[in-house]
Number of protein chains: 2
Amino acid sequence: MSILSYDRGVSLRYALLGMLAVQPGTGYELAQRFDSSMSNAWYASHSQIYPELAKLCEAGLLEVVGQGPRRSRTFGITEEGRRELRDWLVESEPNRSQRNETTIRWFLLELLPPDDRRAVIERELRDVTEYHQGLVNAAESLDALEHDHPFRPMVGLAVRTSQVMVDWLNEQLEATPGSP
Amino acid sequence: MSILSYDRGVSLRYALLGMLAVQPGTGYELAQRFDSSMSNAWYASHSQIYPELAKLCEAGLLEVVGQGPRRSRTFGITEEGRRELRDWLVESEPNRSQRNETTIRWFLLELLPPDDRRAVIERELRDVTEYHQGLVNAAESLDALEHDHPFRPMVGLAVRTSQVMVDWLNEQLEATPGSP
DNA sequence: GCCATCATGTAATTAGTTACATGATTAG
DNA sequence: CTAATCATGTAACTAATTACATGATGGC
């Protein structure tokens, strides 16, 4: 692909391509997916999404497959887009670098005096527990369907991962002096 | 803090401040830590690190605490830096958004035909297993010390998380048609 | 009619990547 | 002596955030 961009800074492109390969949608819907179901993988705001969709359309990897009310346009992936996505998944070297502010915060917990430390862990525990519960509910909803949902495996992974985090935070809380 | 930057794009700043609060170091060493022990939390290249260290020094949050061979300078956190770091950890609203290309790739596995899918899962499994084994070894090294190491809790979390990932990938592999 | 939300975009700024550049030290 | 690595920086570019901006639709 010649239309600009680095080799390793292209994750948004493939996130969009992939999300639209699973299910066509508008830019607005994609922004919502980045806020919820995709939030543990990638985030992008609408101001980044719309220009990227335009570029991908121009490159022939996406196309407008429908128009709705408020001049909304639904995008879908093209055959060329599917080939590009497949090549990326199978052929390209994965970029394993991550950016996760929460992990930085947890890494630095040990610097805090016990009172601050306990307060921070309790806040983290509230947030992660809420996140975990949301995933458990999502998993139950998907299990209630009669067909296998494509998101089910990833939700399962996220449930287990967040369970590990809840357990770890509880242990850190117990190990902090002055905890009940 | 008035010295420029967004509210939510400041994670590098606090990652550096925190790493130097745990242990003073040079810019070069910090770049190495981002490549290894901090790689599951944040990544930054030296070209981003050096200017940021200069800014933090100018702001009085860091100071040069030693000079080595090849005109290397060791930075340490100041009292003001510790206060700033503590305030960030305790008072500021955490940014929960993540960027993790690997999760995008795993999310999109279901789009691939079985042969491609199996090949990709096997590659991921190799990479994650290697990563997991590295963490297990690191944990054993830390356990061999007579004192508690500050990184031990985070390594423990990473060990469990990567174990969950290895298990999940193995399940996905088994569930793919044509697998042994 | 009015307000919330849907829906899309652009402009200005900061963050991050890649490439370029240079010199010091040490191990062989 | 010479190649690898240590060590630090800048320049040019792309990516991402924040702020600004506008209009359509549907429910009340």
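All of these numbers come straight from a predicted model, not from anything done at the bench. A, B, ... follow the sequence lines: proteins, then strands. Residue 1 opens every chain.
Because its NZ or CZ atom is both nearer than 6.0 Å to the ring centre of A:W88 and within 45° of the ring axis, B:R105 counts as a cation-pi partner of that residue.
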Inset, instruction - Begin from the C-alpha positions of A:L125 and A:L173 and carry the test side-chain contact (heavy atoms from CB on, under 4.5 Å) through to its verdict. - result: CA-CA 9 Å; A:L125 212 34; A:L173 188 59; 4.0 Å; yes

Inset, instruction - Take A:M154 and B:E110 through the side-chain contact (heavy atoms from CB on, under 4.5 Å) test and state the conclusion after the steps. - result: CA-CA 10 Å; A:M154 274 308 286; B:E110 56 111 356; over 6 Å; no

Legend entry - Pairing pattern in dot-bracket form [Watson-Crick, G-U; both distances under 3.5 Å; | = partner strand] for DNA chain C: ||||||||||||||||||||||||||||

Using distance only, find each side-chain donor-acceptor pair of residues 133-141 of chain B under 3.5 Å and give its atom names and separation, not counting sequence neighbours.
{"unit_1": "B:Q133", "atom_1": "NE2", "unit_2": "B:N137", "atom_2": "OD1", "d": "3.3"}
{"unit_1": "B:N137", "atom_1": "ND2", "unit_2": "B:Q133", "atom_2": "O", "d": "3.4"}
{"unit_1": "B:S141", "atom_1": "OG", "unit_2": "B:N137", "atom_2": "O", "d": "3.1"}

Would you give me the side-chain donor-acceptor pairs under 3.5 Å for residues 38-47 of chain A, sequence neighbours excluded?
{"unit_1": "A:S39", "atom_1": "OG", "unit_2": "A:S36", "atom_2": "O", "d": "2.9"}
{"unit_1": "A:S45", "atom_1": "OG", "unit_2": "A:S47", "atom_2": "OG", "d": "3.1"}

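Between A:L109 atom CG and A:R118 atom CZ the span is 13.0 Å, to the nearest 0.5 Å.
Whole-Å rounding puts the B:R99 CZ to D:dT14 P distance at 18 Å. The CD-P distance, from A:E101 to D:dT17, rounds to 12 Å in whole Å. Distance CD1 (A:I49) to C1' (C:dA7): 12 Å, rounded to an integer number of Å. Protein atom NZ of B:K55 is 14 Å distant from nucleotide atom P of D:dG9, rounded to whole Å. One can place CD of A:Q67 at 20 Å from P of C:dC6, the figure rounded to the nearest angstrom. When the C1' atom of D:dA15 is taken as reference, atom CG of B:L12 falls 15 Å away, rounded to whole Å. When the P atom of D:dC20 is taken as reference, atom OH of A:Y50 falls 19 Å away, rounded to whole Å. Put simply, CD on B:E52 is 16 Å from C1' on D:dT8, counting in whole angstrom units.
Under the salt bridge (Lys or Arg N to Asp or Glu O under 4.0 Å) criterion, no residue pair touches residues 26-37 of chain A, with sequence neighbours excluded. Listed by first and then second residue, the salt bridge (Lys or Arg N to Asp or Glu O under 4.0 Å) pairs that reach into residues 169-180 of chain A are A:E171-B:R160, sequence neighbours excluded.
Considering only the side chain of A:P51, C:dT10 comes nearest among C:dT10, C:dG9, D:dG26. Nearest nucleotide to the side chain of A:Q48, out of D:dA16, D:dT18, C:dT26: D:dA16. Comparing D:dG9, C:dA11, C:dC6 by their closest approach to the side chain of A:R70 singles out C:dC6. The side chain of B:R73 lies closest to D:dT8, out of C:dT17, D:dT8, D:dT17. Checked against C:dT17, C:dT25, C:dT8, the side chain of B:Y43 finds its nearest nucleotide in C:dT17. Nearest nucleotide to the side chain of A:H46, out of D:dA16, C:dG9, D:dT8: C:dG9.
Taken residue by residue, residues 23-38 of chain A places no heavy atom nearer than 4.0 Å to DNA chain D.
Using a 4.0 Å heavy-atom criterion, one finds that B:S72 contacts the sugar-phosphate atoms exclusively.
With hydrogens and angles ignored, a donor-acceptor pair under 3.5 angstrom links the side chain of A:S47 to the base of D:dT18.
Taking only side-chain nitrogens and oxygens, A:R13 never comes nearer than 4.0 Å to OP1 or OP2 of D:dA16.
Residue order along DNA chain C, read from the 5' end via each residue's closest nucleotide, puts B:R71 first among B:R71 and B:G68.
Using cut-offs of 30° and 60° on the angle between ring planes, the pair A:H147 and A:H149 is tilted.
Counted by atom type alone, A:E101 and B:Y14 present zero donor-acceptor pairs between their side chains at under 3.5 Å.
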